[in-house]
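Below is one structure, written out as structure tokens; comments come after it.
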Amino acid sequence: MDVAIKQVSKLYPGKVRALDGVTLNIGTGTFGLLGPNGAGKTTLMRLVATLDVPTRGEITVGGIDCRRRPAEVRRLLGYLPQSFAAFRRLTAYEFLDYVGLLKGLDGPRRRRDIERMLELVGLTGAARARAGTFSGGMLQRLGIAQALLGDPALLIVDEPTAGLDPEERVRFRNLLAELGKDRTVILSTHIVADVERACRELALLAAGRVVFRGEPSELAALAAGAVWEVEVDEGTYERTRLSHQVVSAVSTGGGRFRLRVVGESPPPGAAGPATPTLEDGYMAVMRRQQRAQQAAG
Amino acid sequence: MRRQLALLGREARLMLGWGFLCFLVVAGFALAVGLSSVEHERRTLAAVDPGMARALAERVGVRMGELLMPLAALVASTHAVVLDRENGVGEVVRTAARWRPGVPLRRVLVAWAAFLAAIPVVLAVPPLLMGIDLGLGRMILAPLAPAAFLTGLALAVSAWLGSYVTGLAAAGMVWVSDLMRPGVLTGPLYLFQAGQPLADLNLQANRLLLVGAGAVLIALALGLYDRRA
Ligand SMILES: Nc1ncnc2c1ncn2[C@@H]1O[C@H](COP(=O)(O)OP(=O)(O)O)[C@@H](O)[C@H]1O
Ligand SMILES: [Mg+2]
């Protein structure tokens with residue numbers, strides 16, 4: 001299912017420009033929407049999910065216009081919002097049944113789908129428990145189950161791994177990668193590792209603009225020659241923080257730190273080049289972005 | 001068809017709770033109190049003119065029913081447009097629903113079905129238990145039009161402002177205003193023309209206006225539910 005986003009801008013009341021001329025074409029596979037908090041990820045996903053309309057530009061899903069034919073787009077769509085909740089007084093099964101009914105699934109198909117989804121997300125044992133008693137992780141899994149009901153060709157999940165423990169997070173990523181085999185999955189996150197493991201392609205969003213679009217390895221490659229490792233004392237660490245983007249700092253005892261930094265020139269000290277990771281690439285692009293913004297105004 | 005019925009059932013479970021039942025019990029009691037306040041007079045009358053006695057009790061019944069039962073409709077239906085949002089389920093419901101206005105529409109239908117079923121029970125049981133003889137027809141009809149108007153008003157305001165409390169408050173204000181200063185705020189949309197008529201108002205026209213305005217307001221609320229982010 002192809003999603004085409006053309007020159008989309010979104011202004012919220014109070015002149016907040018949440019999206020600024022975003023153009024993206026997304027095809028089958030798991031697509032990562034990466035960016036810091038406030039970058040506009042949720043805004044963009046809500047527009048595709050027909051929950052809101054763009055101020056400018058247009059969005060089509062499988063060639064269907066989101067603004068003019070939203071009901072038809074919703075037929076193709078499964079959506080997991082950033083803060084998912086279920087009716088507390090309904091059980092997991094009852095809630096899925098309600099959503100299935102809304103999606104227009106008829107009797108036997110609905111029952112089969114619900115049972116399959118409960119199985120897929122590992123909630124079969126909790127099907128008769130009320131959603132009000134669920135832990136964060138269980139609720140999130142119920143959320144993905146409701147989104148998947150009816151086997152949508154387009155699945156949109158907004159920061160689905162937030163609030164999950166490491167084990168659940170890994171399970172979830174694998175599930176999303178798996179789901180992307182035969183459908184379009186758009187996954188937003190501010191956690192680089194989510195994209196690294198689950199996504200074939202990604203876009204990096206910053207302040208409402210697409211600042212990178214490509215494969216994870218390409219984003220990592222953007223930091224080639226700009227990643228360094230160095231061991232320094234505390235004073236040098238402080239100075240390095242001002243001149244470079246410190247990706248990680250590990251205390252090695254005796255007031256010394258082992259740093260991994262991103263910057264245009266080697267940091268002070270006996271620095272050696274390091275192989276860039278996706279996270280380094282993310283940092284490098286964000287750093288360039290910030291510099292450009294500072295230079296502009 | 002079966003799917004629609006199943007959906008109505010689910011909505012009924014989400015919409016109707018103890019609050020509605022409690023309100024019906026209270027309304028029944030209030031009606032009993034109202035009837036007993038004229039019981040002495042009615043008994044005296046009954047000895048000389050049974051028709052007049054019956055008319056007296058009926059007048060009290062119509063007045064009480066028209067006052068109380070529209071509030072029951074409000075209690076049953078005010079959450080219709082904000083239920084999912086209040087539960088944090090708004091975005092899920094709004095993306096799952098094929099025809100969005102259908103969601104609050106089904107909720108209004110369920111609430112009104114419960115309300116319509118409750119009217120004869122609440123209004124018939126107290127006089128029956130008290131051994132008071134009165135005609136039920138006008139009593140049952142009287143609350144319908146004001147209930148339709150107040151429901152529409154509450155829903156439109158809640159859909160506009162995004163919380164059921166504001167809708168309840170708006171409808172409650174109109175109700176209190178018409179109780180204290182009949183027709184001053186509402187004019188031709190005066191709520192209590194059946195139980196406490198104003199001289200310059202035609203009952204039939206007033207009822208039609210109330211129902212029409214209620215229907216328009218409900219349609220407006222459904223439209224707002226569809227549009228609002
Ligand atoms: N309903 C809203 N009204 C006003 N501003 C909003 C609204 N929703 C989001 N914003 C603003 O739009 C920007 C993008 O937000 P959002 O899309 O939630 O980003 P992200 O999901 O990437 O964290 C932020 O500056 C946020 O404060
Ligand atoms: Mg977000």
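Letters A, B, ... are given to chains in the order of the sequence lines, protein chains preceding strands, and every chain is numbered from 1.
- Listed here is the closest heavy atom pair of Gln146(A) and Val92(B): OE1-CG1, 3.4 Å.
- Put simply, of Leu101(A), Val53(A), Asp97(A), the one with the most heavy-atom pairs under 4.5 Å next to chain B is Leu101(A).
- No more than 12 heavy atoms of other residues, nucleotides or ligands sit less than 6.0 Å from atom CZ of Arg209(A).
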Walk me through whether Phe84(A) and Glu91(B) qualify under side chain to side chain contact (heavy atoms under 4.5 Å, CB included). CA-CA 9 Å; Phe84(A) 171 77; Glu91(B) 298 199 327; over 6 Å; no
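- Checking side-chain atoms of Arg98(B) against main-chain N and O of Leu102(A) turns up no donor-acceptor pair under 3.5 Å.
- The local environment of CD in Glu115(A) is crowded, with over 12 non-hydrogen atoms from other residues, nucleotides or ligands closer than 6.0 Å.
- For the pair Phe87(A) and Val89(B), the tightest heavy-atom approach, listed with the atom from each and the gap, is N-CG2, 3.7 Å.
- Counting all heavy atoms, side chain and backbone alike, Val99(A) lies closest to Ala96(B) at CG1-CB, 4.0 Å.
- Of the atoms belonging to Glu94(A), heavy atoms from both backbone and side chain fall under 4.5 Å from chain B.
- Using a 4.5 Å cut-off between heavy atoms, Ser83(A) touches chain B through its backbone atoms (N, CA, C, O) alone.
- Proximity to chain B (any heavy atom under 4.5 Å) is restricted, for Ala86(A), to the backbone atoms N, CA, C and O.
- Here the side chain of Arg3(B) pairs no donor or acceptor atom with the backbone of Leu105(A) at under 3.5 angstrom.
- Around CZ of Arg183(A), the count of heavy atoms belonging to other residues, nucleotides or ligands within 6.0 Å exceeds 12.
- The two residues Val93(B) and Tyr98(A) make their nearest non-hydrogen contact at CG2-CE2, 4.1 Å.
- Between the Arg89(A) side chain and the Arg13(B) main chain, a donor and an acceptor come within less than 3.5 Å of each other.
- No side-chain N or O of Arg46(A) forms a donor-acceptor pair with one of Thr95(B) less than 3.5 Å apart.
- Considering all non-hydrogen atoms of both residues, Gly88(B) and Ala85(A) come closest at O-CB, 3.6 Å.
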